[in-house]
2 protein chains.
Amino acid sequence: MASGRKKAFNESQALEAAMHVFWSKGYVGASLSALTDSMGINKPSMYSTFGNKEALFIKSTSHYVESQMKPHLQHLYQANVPLLTRIKNYMLSIVSMQFNEESPKGCYLVLCQSELAGGEVPEAASELLQELDDLPKVVIADLLNSDSEAKQLGLDTRSNEIALTLYTVLKGSASMARSGIAQEQMLPVVDNVIAGLATRH
Amino acid sequence: MASGRKKAFNESQALEAAMHVFWSKGYVGASLSALTDSMGINKPSMYSTFGNKEALFIKSTSHYVESQMKPHLQHLYQANVPLLTRIKNYMLSIVSMQFNEESPKGCYLVLCQSELAGGEVPEAASELLQELDDLPKVVIADLLNSDSEAKQLGLDTRSNEIALTLYTVLKGSASMARSGIAQEQMLPVVDNVIAGLATRH
DNA sequence: AAGATTACGTACTGATAGGTACAATAAGCG
DNA sequence: CGCTTATTGTACCTATCAGTACGTAATCTT
């Protein structure tokens with residue numbers, strides 16, 4: 001049984017390229033032509049490989065979460081590092097990604113999610129965004145609930161509140177990155193907020 | 001000299017309607033058809049009255065700033081109210097607008113500004129957004145620099161840093177509003193951050 | 001009432017959106 | 001080599017985008 005002509009492009013490289021286009025233009029702003037141009041393929045190849053624009057977006061979003069979001073989580077579980085330092089390192093690591101010169105500024109999810117309420121993003125993609133976007137908040141809350149140091153500091157009794165506070169700052173930071181301020185300005189902001197946590201009971 | 005047929009619509013009501021469409025869909029997502037439908041007029045009327053889509057957007061954005069942003073600033077200058085309480089009232093007032101059921105969730109400026117980096121918004125409109133978006137940050141920094149109570153609390157020496165911190169939280173809150181959480185969850189976040197300011201020197 | 005002036009409604013423009021039909025090309029298998 | 005299978009490029013589809021031409025309707029001044 002013949003197996004046909006080989007693909008002339010690398011599927012995961014094409015997905016990476018698509019991710020960058022969605023990241024900089026959003027779901028609505030990323031046209032198929034812009035996508036396929038950056039991916040280095042033409043439209044029929046894109047449709048046969050990924051399905052359609054929405055399916056491409058879903059694969060691209062999953063790739064973003066795996067390659068850009070999850071790696072930062074390791075900072076939260078470093079052995080022999082104080083809890084607040086771990087949280088700070090995690091946040092600084094994400095901020096540093098938001099301001100990275102080699103990829104679009106800000107957060108892919110924030111950008112695309114802002115289009116949700118306008119009904120511009122298809123339902124299935126919209127649900128995925130909603131779900132993925134909660135990830136950091138849930139992880140931080142879980143950490144605060146289970147970490148022994150968090151209990152000593154009395155942070156476990158208001159874990160959801162604190163997780164939401166930190167998460168709100170991260171989202172705000174993504175907005176600030178988009179608006180063009182310098183990364184150095186955000187660092188003391190993270191310091192301030194984390195220091196504020198420690199001084200309450 | 002004859003003065004012609006009267007307009008069959010109210011110009012400022014039409015602008016208000018356009019503002020809500022941009023607010024919920026963003027600049028790119030708001031199509032002329034959606035705009036004129038909501039405004040209750042047809043396209044030639046829109047073009048003769050406002051110029052084009054970009055000019056309408058600029059007028060709509062100015063209207064947003066005047067009607068939705070500036071009114072909150074009064075909280076910052078209430079007599080006989082402690083500084084941190086004034087700031088807290090200001091922030092809660094904005095958060096409450098972001099979650100208001102009668103208008104789109106989140107912040108008009110955050111939404112539209114997220115499209116900037118993708119080059120989807122025309123230059124002139126883009127510059128206006130950039131400028132207006134700094135307003136709250138500048139106002140808070142100025143307040144911290146001039147207020148006598150701020151000096152007593154030692155907040156004047158890091159006014160820019162604090163203003164940026166508060167502003168980042170407001171932007172984050174706008175994102176959270178878009179993603180659908182309940183307003184009550186944001187209130188302790190504002191509390192946390194402001195309390196954190198007070199406990200540092 | 002006549003004429004000038006302005007707004008309105010319909011119907012259109014060229015460009016681009018997402019998506020596809022189809023013929024040509026390249027690979028594996030016998 | 002010939003057959004089958006899969007990918008590629010071009011050229012097209014319909015719908016919608018921002019924007020406009022033009023004839024009709026309404027209001028003013030004289």
Side-chain angles (χ1 to χ4, degrees), chain A residues 1-15 17-19 21-22 24-61 112 115-116 118-126, chain B residues 1-15 17-19 21-22 24-61 112 115-116 118-126:
Chain A
M1 52 187 85
S3 68
R5 183 175 176 172
K6 291 291 176 64
K7 277 193 167 67
F9 63 97
N10 179 301
E11 196 165 326
S12 66
Q13 279 176 9
L15 190 59
M19 177 188 81
V21 177
F22 283 126
S24 79
K25 294 173 181 286
Y27 182 80
V28 180
S31 73
L32 269 183
S33 307
L35 285 164
T36 51
D37 280 1
S38 289
M39 297 166 86
I41 64 181
N42 43 36
K43 290 194 270 186
S45 296
M46 185 262 136
Y47 276 89
S48 71
T49 305
F50 300 99
N52 59 13
K53 186 181 178 182
E54 179 176 8
L56 175 64
F57 177 70
I58 289 180
K59 289 191 176 71
S60 157
T61 304
C112 295
E115 301 171 334
L116 290 187
E120 306 286 333
V121 178
E123 184 107 16
S126 150
Chain B
M1 49 188 87
S3 67
R5 180 176 176 173
K6 291 289 176 66
K7 277 194 167 67
F9 64 97
N10 179 299
E11 196 165 324
S12 66
Q13 280 177 8
L15 191 58
M19 177 188 82
V21 178
F22 282 125
S24 79
K25 294 173 180 287
Y27 181 81
V28 180
S31 73
L32 269 183
S33 307
L35 285 164
T36 51
D37 281 359
S38 289
M39 296 165 86
I41 65 182
N42 43 36
K43 289 195 266 186
S45 297
M46 185 263 136
Y47 276 89
S48 70
T49 305
F50 299 99
N52 58 14
K53 186 181 178 181
E54 179 176 9
L56 175 66
F57 178 69
I58 289 180
K59 290 190 175 71
S60 157
T61 303
C112 295
E115 300 171 332
L116 291 187
E120 306 285 333
V121 178
E123 184 107 15
S126 150

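Protein chains get the first letters and strands the later ones, always in sequence-line order, with residue 1 at the start of each.
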Asker: Out of curiosity, B:Met39 CE to B:Glu11 CD, how far, rounded to the nearest 0.5 Å?
Answerer: 8.5 Å
Asker: Take the C1' atoms of the five end pairs on each side of the helix from C:dA1-D:dT30 to C:dG30-D:dC1, derive the two axes, and give their angle rounded to 10 degrees.
Answerer: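 The value is 0°.
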Asker: Find the distance A:Phe9:CZ to C:dT25:C1' and express it as a whole number of Å.
Answerer: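 About 16 Å, once rounded to whole Å.
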Asker: Could you list the donor-acceptor pairs under 3.5 angstrom formed by side chains in residues 26-37 of chain B, with sequence neighbours left out?
Answerer:
{"from": "B:Ser31", "atom 1": "OG", "to": "B:Ala34", "atom 2": "N", "distance (Å)": "3.1"}
{"from": "B:Thr36", "atom 1": "OG1", "to": "B:Leu32", "atom 2": "O", "distance (Å)": "2.9"}
{"from": "B:Thr36", "atom 1": "OG1", "to": "B:Ser33", "atom 2": "O", "distance (Å)": "3.2"}

Asker: Rounded at 0.5 Å granularity, tell me how far CD in A:Glu54 sits from OG in A:Ser126.
Answerer: 9.5 Å
Asker: Using the salt bridge (charged side-chain N to carboxylate O under 4.0 Å, His left out) criterion, which residues pair with A:Lys25? Sequence neighbours excluded.
Answerer: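 Counting only residues at least two positions away or on another chain, A:Lys25 forms a salt bridge (charged side-chain N to carboxylate O under 4.0 Å, His left out) with B:Glu120.
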Asker: Kindly compute the distance separating CZ (A:Phe22) from CG (A:Leu56), expressed to the nearest 0.5 Å.
Answerer: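 If we round to the nearest 0.5 Å, A:Phe22:CZ and A:Leu56:CG are 4.5 Å apart.
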Asker: Measuring from atom CG of A:Asn10 to atom CD1 of A:Ile41, what distance do you get when rounded to the nearest 0.5 angstrom?
Answerer: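 Between atom CG of A:Asn10 and atom CD1 of A:Ile41 there are 11.0 Å.
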Asker: Rounding to an integer number of Å, can you tell me how far A:Asn42 CG sits from C:dA21 P?
Answerer: 16 Å
Asker: On the side chain of A:Arg5, is there an atom forming a donor-acceptor pair with the base of D:dT7 - under 3.5 Å, no angle test?
Answerer: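 Pair found.
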Asker: Could you write nucleotides 11-22 of chain D as a row of B, S and -, 5' to 3', where a protein heavy atom under 4.0 Å of any base atom gives B, of only sugar-phosphate atoms gives S, and otherwise -?
Answerer: ------SSBBB-
Asker: Report the residues that fulfil salt bridge (charged side-chain N to carboxylate O under 4.0 Å, His left out) with A:Lys53, sequence neighbours left out, ordered by chain and then residue number.
Answerer: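 Checked A:Lys53 against salt bridge (charged side-chain N to carboxylate O under 4.0 Å, His left out); zero matches.
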Asker: Examine D:dT7: is either OP1 or OP2 under 4.0 Å from a nitrogen or oxygen in the side chain of A:Ser45? Give yes or no.
Answerer: no
Asker: Could you state the NZ-P distance from B:Lys7 to D:dA26, rounded to the nearest angstrom?
Answerer: 17 Å
Asker: Between side-chain atoms of residues 43-50 of chain B and protein atoms elsewhere (two or more places apart, or another chain), which donor-acceptor pairs fall under 3.5 Å?
Answerer:
{"from": "B:Ser45", "atom 1": "OG", "to": "B:Asn42", "atom 2": "OD1", "distance (Å)": "3.0"}
{"from": "B:Ser48", "atom 1": "OG", "to": "B:Pro44", "atom 2": "O", "distance (Å)": "3.3"}
{"from": "B:Ser48", "atom 1": "OG", "to": "B:Ser45", "atom 2": "O", "distance (Å)": "3.2"}
{"from": "B:Thr49", "atom 1": "OG1", "to": "B:Ser45", "atom 2": "O", "distance (Å)": "2.7"}

